[in-house]
Chemist: 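Before anything else, here's the structure in question.
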Amino acid sequence: MSAPQPRVIIPSTSKRDVAIAIAAGLLMLVFIGYGVMRMAAPVVGNKLTGVVVGREFTPFKERQVSFNGRKIEGVQEIDGEYVLKVRVETMHRTYDVPVEKPVYEAKKDGDSLTFIRPPSEQH
């Protein structure tokens, strides 16, 4: 039988190595914090405000079913599609903005409406 291998003793880390490790950790923490703060900032430029110039309702009955995994969460009956025509003077354009029934009933011609720019036009 051979004798067991002698244990290898590793010298302890120096103060310089500890300082480098702490500096690298802090740098990574600052970088992650900057990324989180940058992503949490509100998106600027994708909201438009205009004046309601028309209302359009397309009647069609629809039943929307919400699922969560295999469980049905709820069923909602929809009368049709509610669309407000909104004129944005800064863009020199009229947008068709789909809205929910309460918003459709609350807004009249001449009222102001703020909405998110369509996905195809977002910066």
Side-chain angles (χ1 to χ4, degrees):
M1 297 232 162
S2 63
Q5 296 282 336
R7 290 188 176 176
V8 177
I9 300 174
I10 300 174
S12 65
T13 56
S14 67
K15 291 180 182 179
R16 178 179 175 263
D17 293 340
V18 171
I20 291 173
I22 289 174
L26 286 175
L27 184 65
M28 286 179 26
L29 187 63
V30 166
F31 181 70
I32 291 170
Y34 173 76
V36 168
M37 296 303 286
R38 184 96 166 121
M39 290 186 71
V43 178
V44 178
N46 282 337
K47 285 190 177 182
L48 297 173
T49 301
V51 177
V52 176
V53 293
R55 299 157 37 109
E56 191 175 292
F57 173 69
T58 307
F60 60 87
K61 284 284 190 185
E62 182 178 322
R63 180 178 289 160
Q64 290 184 346
V65 180
S66 302
F67 290 96
N68 183 7
R70 294 185 178 181
K71 184 180 175 185
I72 296 177
E73 283 191 347
V75 178
Q76 182 180 13
E77 294 284 335
I78 297 179
D79 300 331
E81 183 180 31
Y82 298 95
V83 176
L84 294 175
K85 296 198 176 289
V86 181
R87 177 75 182 164
V88 179
E89 285 301 325
T90 58
M91 303 296 290
H92 305 292
R93 182 167 171 204
T94 301
Y95 288 89
D96 292 338
V97 181
V99 295
E100 297 291 329
K101 185 177 181 179
V103 175
Y104 181 83
E105 291 173 346
K107 296 291 182 180
K108 305 293 182 213
D109 287 356
D111 288 352
S112 178
L113 180 71
T114 299
F115 60 97
I116 295 176
R117 185 184 302 261
S120 61
E121 297 181 14
Q122 290 184 1
H123 316 330

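All figures in this text were calculated on a predicted structure; none of them were measured in a lab. Below, each value reflects all heavy atoms present in this structure, side chains not excepted, and no hydrogens, waters or symmetry copies.
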Chemist: I'd like a table of donor-acceptor pairs (distance under 3.5 Å, sequence neighbours excluded) in which one partner is a side-chain atom from residues 88-98, with atom names and distances.
Modeler:
residue: Glu89; atom: OE2; partner: Arg87; partner atom: NE; Å: 3.2
residue: His92; atom: ND1; partner: Glu89; partner atom: O; Å: 3.3
residue: Arg93; atom: NH1; partner: Glu121; partner atom: OE1; Å: 3.3
residue: Arg93; atom: NH1; partner: Glu121; partner atom: OE2; Å: 2.1
residue: Arg93; atom: NH2; partner: Glu121; partner atom: OE2; Å: 3.3
residue: Tyr95; atom: OH; partner: Glu121; partner atom: OE1; Å: 3.0
residue: Asp96; atom: OD1; partner: Lys85; partner atom: NZ; Å: 2.8

Chemist: May I ask whether Phe57 and Leu84 are part of the same hydrophobic cluster, defined by side-chain heavy atoms of I, L, V, M, F, W, Y residues being less than 4.5 angstrom apart, directly or through others?
Modeler: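 Yes: a chain of side-chain contacts under 4.5 Å links Phe57 to Leu84.
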Chemist: Compare all side-chain heavy atoms of Val65 with those of Ile72 and state whether any distance is below 4.5 angstrom.
Modeler: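 Yes; the side chains approach each other to less than 4.5 Å.
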Chemist: With sequence neighbours left out, write down each residue that passes side chain to side chain donor-acceptor pair (under 3.5 Å) with Arg70, or none if nothing qualifies.
Modeler: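 With neighbours one apart ignored, the set is empty.
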Chemist: Can you tell me how far apart NZ (Lys61) and CG (Asp79) are? Round to the nearest 0.5 Å.
Modeler: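 So the NZ of Lys61 and the CG of Asp79 are separated by 4.5 Å.
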Chemist: Where do Thr49 and Ser112 come nearest, in terms of heavy atoms and distance?
Modeler: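 Where Thr49 meets Ser112 most closely, the heavy atoms are CG2-OG, 3.4 Å.
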Chemist: Between Tyr82 and Val103, is any pair of side-chain heavy atoms under 4.5 Å apart?
Modeler: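 Counting from C-beta outward, Tyr82 and Val103 never come under 4.5 Å.
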Chemist: Quick one: CG on Asn46 to CZ on Arg117, what's the gap to the nearest 0.5 Å?
Modeler: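 Result: 6.0 Å between the selected atoms.
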Chemist: Please check: side-chain N/O of Arg55 versus main-chain N/O of Tyr104, any donor-acceptor pairing under 3.5 Å?
Modeler: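 At least one qualifying donor-acceptor pair exists.
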Chemist: Should we say atom CD1 of Ile116 is surrounded by more than 12 heavy atoms from elsewhere, each under 6.0 Å from it?
Modeler: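 No, not enclosed.
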Chemist: Using the salt bridge (charged side-chain N to carboxylate O under 4.0 Å, His left out) criterion, which residues pair with Lys15? Sequence neighbours excluded.
Modeler: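 Not a single residue meets the salt bridge (charged side-chain N to carboxylate O under 4.0 Å, His left out) criterion with Lys15.
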Chemist: Does Leu26 share a hydrophobic cluster with Val18, counting links as ILVMFWY side-chain heavy atoms below 4.5 Å and allowing steps through other members?
Modeler: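 Shared cluster, yes.
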